[in-house]
Amino acid sequence: MRKPMIAGNWKLHKTCSEALELVNELKNGVIDIRDVEIVVAPVYTTLSTVSAAIEGTNITLAAQNCYPEATGAFTGEVSPAMLADVGCRYVIIGHSERRQLLGESDEFINCKAHALAEADMGIILCIGETLEEREADQMLDILRRQVRLGLKGLDEAAMASLVIAYEPVWAIGTGKTATDEQAQEAHAFIRALIKEHYNQEIAAQTRILYGGSVKPGNVDALMTQPDVDGALVGGASLKAADFARIVAFEKQ
Ligand code: 13P
């Protein structure tokens, strides 16, 4: 059984005091939820504050990025161990905003995956096609490449704490959600790829989240799809009430 995960990617939002206000409100809103893994990914500067605020609660901390080295002359970067040190359990890698704005390659993302596995941290690997790629009928090739290169060399132990987030780039921050059928089709394809690279057991245990304009109004239908195991939420995770409602999704 795959435990659903609902993760909030706060992106470049919230000062320390704003983050504290948001997470305190969220804590109360999700206090009774036990059967969903609830994750928040604030900006680096607020991780310690949020970490202290969620201690002993049902909310888990994630970072939005990391650098694939433990220490060294890497100005401006943060290592997996440092993120673990402030209480992060997961790190998001491969987000399309980093792929597009910062030119991150599948190979570099794979280095981060290995560094995270070595530091015993959970990985949330984002993949997804752009609109041009979808319209050119390249979606499956893109997903195949991102899965193959992103997971390259990761052993079965690393896969145990790896989550994939399918985020079609055209659905991020646009208000355009993939239809339930589009999400299911991509998720089933990704699960088949994992089976191809590993085995049936790993494919069955790996959680695949959907991301891209997830809101209180569409989460129930998305979560009803058999291969959708959760959501990676951007905009709607910045409002405690909306995120709490998403966490409390109801399958239809
Ligand atoms: P939105 O929910 O704002 O579309 O963002 C999705 C996302 O990029 C989560 O990582």
Side-chain angles (χ1 to χ4, degrees), residues 4-14 18-19 22-23 26 36-44 46-47 50 59-66 83 88-104 109 112-113 116 122-131 133-134 139 142-143 146-147 150 162-180 182-183 186-187 190 207-223 225 228-249:
M5 173 188 280
I6 303 288
N9 175 6
W10 293 2
K11 304 192 180 183
L12 185 51
H13 294 283
K14 305 291 175 188
E18 290 165 351
L22 174 58
V23 81
L26 180 64
V36 175
E37 188 170 10
I38 308 166
V39 179
V40 292
V43 297
Y44 283 151
T46 66
L47 284 172
V50 174
I59 302 175
T60 301
L61 194 64
Q64 297 176 19
N65 179 40
C66 70
L83 295 170
C88 291
R89 166 81 192 90
Y90 292 97
V91 176
I92 298 171
I93 57 172
H95 195 282
S96 63
E97 285 150 16
R98 300 194 64 85
R99 290 180 192 259
Q100 292 196 319
L101 300 172
L102 299 158
E104 291 196 4
I109 292 160
K112 296 186 191 196
L116 288 165
I123 298 165
I124 301 176
L125 171 66
C126 301
I127 60 173
E129 81 287 358
T130 63
L131 186 59
E133 289 162 346
R134 175 173 275 263
M139 175 184 112
I142 297 294
L143 296 181
Q146 290 177 339
V147 166
L162 182 135
V163 176
I164 291 186
Y166 169 62
E167 300 203 307
V169 180
W170 48 272
I172 295 178
T174 58
K176 271 192 214 160
T177 329
T179 63
D180 310 334
Q182 284 172 327
H187 283 225
I190 293 162
R207 290 177 292 182
I208 306 174
L209 316 183
Y210 170 79
S213 298
V214 177
K215 309 276 180 235
N218 59 24
V219 67
D220 294 347
L222 284 163
M223 289 303 295
Q225 301 302 312
V228 176
D229 306 313
L232 182 54
V233 186
S237 70
L238 298 172
K239 291 188 193 127
D242 282 1
F243 192 63
R245 169 60 185 86
I246 292 170
V247 167
F249 67 87

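In what follows, residues are counted from 1 in the order of the sequence shown. All ligand and atom numbering here is 1-based and tracks the order in the structure.
Nearest approach of L83 to C66, heavy atoms of both residues: CD1-CB, 3.7 Å. Across every non-hydrogen atom of I109 and G94, the tightest pair is CD1-CA, 3.6 Å. Pairing each heavy atom of Y44 with each of A63, the nearest pair is CE2-CB, 4.3 Å. Residues Q146 and I127 share a closest heavy-atom pair of OE1-CB, 3.1 Å. Closest heavy-atom contact between P42 and A62: CD-O, 3.4 Å.
Remark: L12 CG is loosely packed, at most 12 non-hydrogen atoms of other residues, nucleotides or ligands lying under 6.0 Å away. The local environment of NZ in K239 is sparse, with at most 12 non-hydrogen atoms from other residues, nucleotides or ligands closer than 6.0 Å.
Not a single N or O atom of A236, backbone or side chain, sits closer than 3.5 Å to an N or O atom of ligand 1.
Of the protein's non-hydrogen atoms, K11 NZ, 3.2 Å is the one closest to atom 5 (O) of ligand 1. From the protein, the heavy atom lying nearest to atom 2 (O) of ligand 1 is G234 N, 2.9 Å.
Under a 4.0 Å criterion applied to the non-hydrogen atoms of G235, ligand 1 contributes the atoms 1 (P), 2 (O), 3 (O). Which parts of ligand 1 touch S213 is read off a 4.0 Å heavy-atom cut-off, strictly below it: atoms 1 (P), 2 (O), 4 (O). Every atom of ligand 1 is numbered from 1 in the order shown, and the set under 4.0 Å from a heavy atom of N9 is 9 (C), 10 (O). For ligand 1 and A171, the ligand atoms under 4.0 Å from any heavy atom of the residue are 4 (O). Below 4.0 Å from some heavy atom of L232 lie the following atoms of ligand 1, by number and element: 9 (C), 10 (O). Within ligand 1, counting atoms from 1 as listed, the ones closer than 4.0 Å to a heavy atom of H95 are 7 (C), 8 (O), 9 (C), 10 (O). Of all atoms in ligand 1, listed by their number and element, those nearer than 4.0 Å to a heavy atom of E167 are 6 (C), 7 (C), 8 (O), 9 (C), 10 (O). The ligand atoms of ligand 1 that sit less than 4.0 angstrom from a heavy atom of G212 are 4 (O), 6 (C).
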Pair H13, E18 - check side-chain hydrogen bond (donor to acceptor under 3.5 Å, both in side chains), show working. CA-CA 9 Å; H13 294 283; E18 290 165 351; over 6 Å; no
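Proximity annotation for atom 4 (O) of ligand 1: of G128, P168, G173, G173 comes nearest, heavy atoms only.
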